[in-house]
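Structure first, then comments.
Since this is a predicted model, take the numbers as computed values, not measurements.
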Amino acid sequence: MEPLYINNEKIKSLLPMDACITAMETMFRDLAEGRILQPLRSLMWLPDRSGLLGMMPGYAEGPNIIGVKLITIFHSNGTAGIPSHQGVVILFEATHGKPLLLLDAAELTAIRTAATSALATRLLAREDSTTLAIIGTGEQAIKHIESISLVRPIETIYCWGRNPAHAKALRDRLAAYPHQNPASGRPRYSIQLTDTAQAAARSADIICTVTAAAHPVLEGRWLQPGTHLNVVGSCTPHNREVDTETILRSALFTDRYESLFKEAGDFLIPKVEGLITESDVKAEIGEVLTGKKPGRQNPADITLFKSLGIAAEDLYAAWHIYQALLPAR
């Protein structure tokens, strides 16, 4: 049978956020237990660095799958109304190498990225966290509000973006989303725009940075004790969303050590400054899940999850979709 192509609309229906969080938990447990091969991604920049092609392979022993994500990233696409991240995920079975699915990468990436942040939040954020700051106004802002609200009782969301019109459009999109508390029928959370990133950050128990910024949009001096951060938007050595003080004040966690040490400007720039070393990183979240290493140590800690995104996340999300399609096939 020829492999099916699964478009973004189909992915939305087959990969609900709560199911994807569960799939990411399974994946990170398998990663921590050595059941996944996860090479570092390969990036090819265009000569003018206007965009890049990323090639992300992986193998998972448990579901017996191999696959690759091919993705382009053009951050200027927003002005044209086109997603910055576009591509495909190809899933194969690992006994004979037979292709199983071809999936649009845009929606798959958006869902699994936010689901991974939610898993990290569940592991690291204070259980009484009720306020969320979203720094950035793109698709990941929407997805992170959806995912974080599934793992913590969010009551107030503070949103900030560099373009006020985009921030207002985000608020309007959020207002149209169904987010009522089933018990009371009242809105589950309120949405407030702030004039500055500082105002959003100072008010929040949980902060998600989901921007395309090359330079810090978040400063460590703004952070309150007990805050948890998901730093999501940058994945190249010379770009970062948070400043050095943020890293120094935080207990730093990540999805994959190799990705952090090779790709993350948020970590690499303070390292070049001589202010942090690889031994300062607390754990991969899979190690926290499996109890190999501790997570948050006390309520006043500032915890930071640096998300780079790895192929195994895409493969386990794709495998969930493949299993969901089996009865129909």
Side-chain angles (χ1 to χ4, degrees), residues 17-18 20-22 24-25 28 113-136 140-160 171 174 177-194 196-210 218-232 242 245-255 282-291 293-307:
M17 187 64 74
D18 57 349
C20 193
I21 294 171
T22 300
M24 295 304 98
E25 177 175 355
F28 278 107
T113 300
T116 298
S117 293
L119 177 62
T121 300
R122 198 187 78 199
L123 292 170
L124 299 172
R126 298 187 340 263
E127 292 189 4
D128 62 351
S129 298
T130 60
T131 53
L132 170 65
I134 298 290
I135 310 298
Q140 278 299 337
I142 294 279
K143 296 297 187 190
H144 275 73
I145 288 171
E146 178 186 356
S147 70
I148 302 303
S149 297
L150 290 173
V151 298
R152 287 296 182 267
I154 301 301
E155 297 174 357
T156 306
I157 298 171
Y158 300 96
C159 299
W160 178 83
R171 180 188 60 192
L174 289 170
Y177 269 54
H179 60 275
Q180 280 71 37
N181 185 317
S184 66
R186 295 191 297 273
R188 184 177 296 155
Y189 48 72
S190 65
I191 304 161
Q192 300 183 28
L193 300 185
T194 63
T196 64
Q198 179 178 357
R202 283 194 177 279
S203 303
D205 300 317
I206 299 167
I207 303 170
C208 299
T209 60
V210 289
L218 184 70
E219 298 183 22
R221 63 190 177 93
W222 302 341
L223 302 176
Q224 302 298 317
T227 304
H228 171 69
L229 295 84
N230 297 305
V231 178
V232 178
V242 303
E245 185 174 349
T246 299
I247 297 297
L248 296 180
R249 292 191 63 194
S250 301
L252 178 57
F253 299 82
T254 192
D255 44 11
K282 300 302 182 183
E284 293 180 354
I285 59 170
E287 294 175 312
V288 179
L289 266 173
T290 55
K293 293 186 179 179
R296 173 179 290 274
Q297 296 295 286
N298 65 70
D301 286 347
I302 296 172
T303 53
L304 189 156
F305 170 63
K306 176 54 192 171
S307 174

Q. Under 3.5 Å, side chain of Arg296 to main-chain N/O of Asp301, donor-acceptor pair present?
A. yes

Q: For residues Ile145 and Cys159, report the shortest heavy-atom separation together with the two atoms involved.
A: CD1-SG, 4.5 Å

**Q.** Inter-residue atom distance Thr254.OG1 - Leu252.CG, 0.5 Å rounding
**A.** 6.5 Å

(Q) So which atom in Ala125 and which in Arg152 form the shortest heavy-atom distance, rounded to 0.1 Å? (A) O-NH2, 2.8 Å

Q. With side chains defined as the heavy atoms from C-beta onward, is the minimum distance between Thr209 and Leu229 less than 4.5 Å?
A. no

Q: Rounded to the nearest 0.5 Å, what's the gap from CD on Glu245 to CG on Leu223? Could you check?
A: 8.0 Å

Q) Hey, what do you get for CZ (Phe28) to CD1 (Ile285), rounding to the nearest 0.5 Å? A) 4.0 Å

Q) What is the minimum heavy-atom distance between Val210 and Ile134, and which atoms define it? A) CG2-CG2, 4.1 Å

Q: Start with the C-alpha gap between Thr246 and Val231, add the side-chain angles, then the distance that decides, and say whether side chain to side chain contact (heavy atoms under 4.5 Å, CB included) holds.
A: CA-CA 11 Å; Thr246 299; Val231 178; 5.8 Å; no

Q.
I'd like to know whether Lys282 forms a side chain to side chain contact (heavy atoms under 4.5 Å, CB included) with Lys293, so could you lay out the CA-CA distance, the side-chain angles of the two residues, the decisive distance to 0.1 Å, and finally the verdict.
A. CA-CA 8 Å; Lys282 300 302 182 183; Lys293 293 186 179 179; over 6 Å; no

Q) Under 4.5 Å between any side-chain heavy atoms of Ile157 and Ile148, yes or no? A) no

Q) Would you say the side chain of Met17 lies within less than 4.5 Å of the side chain of Lys143, judging by non-hydrogen atoms? A) yes

Q | Given Thr131, Leu124, Ile154, the one that forms side-chain contact (heavy atoms from CB on, under 4.5 Å) with Ile206 | A | Ile154

Q: Taking atom types as modelled, find out whether Ser307 and Asn230 have a side-chain donor-acceptor pair closer than 3.5 angstrom.
A: no

Q: Rounded to the nearest 0.5 Å, what's the gap from CD on Gln140 to OG on Ser147? Could you check?
A: 8.0 Å

Q | Distance-minimising heavy-atom pair for Phe253 and Pro294 | A | CE2-O, 3.5 Å

(Q) Nearest 0.5 Å, please: how far is CE in Met24 from CG in Leu289? (A) 12.0 Å

Q. What are the two closest heavy atoms between His228 and Thr303, and how far apart are they?
A. ND1-OG1, 2.8 Å

Q | CD (Glu127) with more than 12 external heavy atoms under 6.0 Å | A | no

Q.
On a heavy-atom basis, which atom in Ser117 and which in His144 lie closest, and how many Å separate them?
A. OG-NE2, 2.8 Å

Q) If you round to the nearest 0.5 Å, how far is CG of Leu119 from CZ of Phe305? A) 8.0 Å

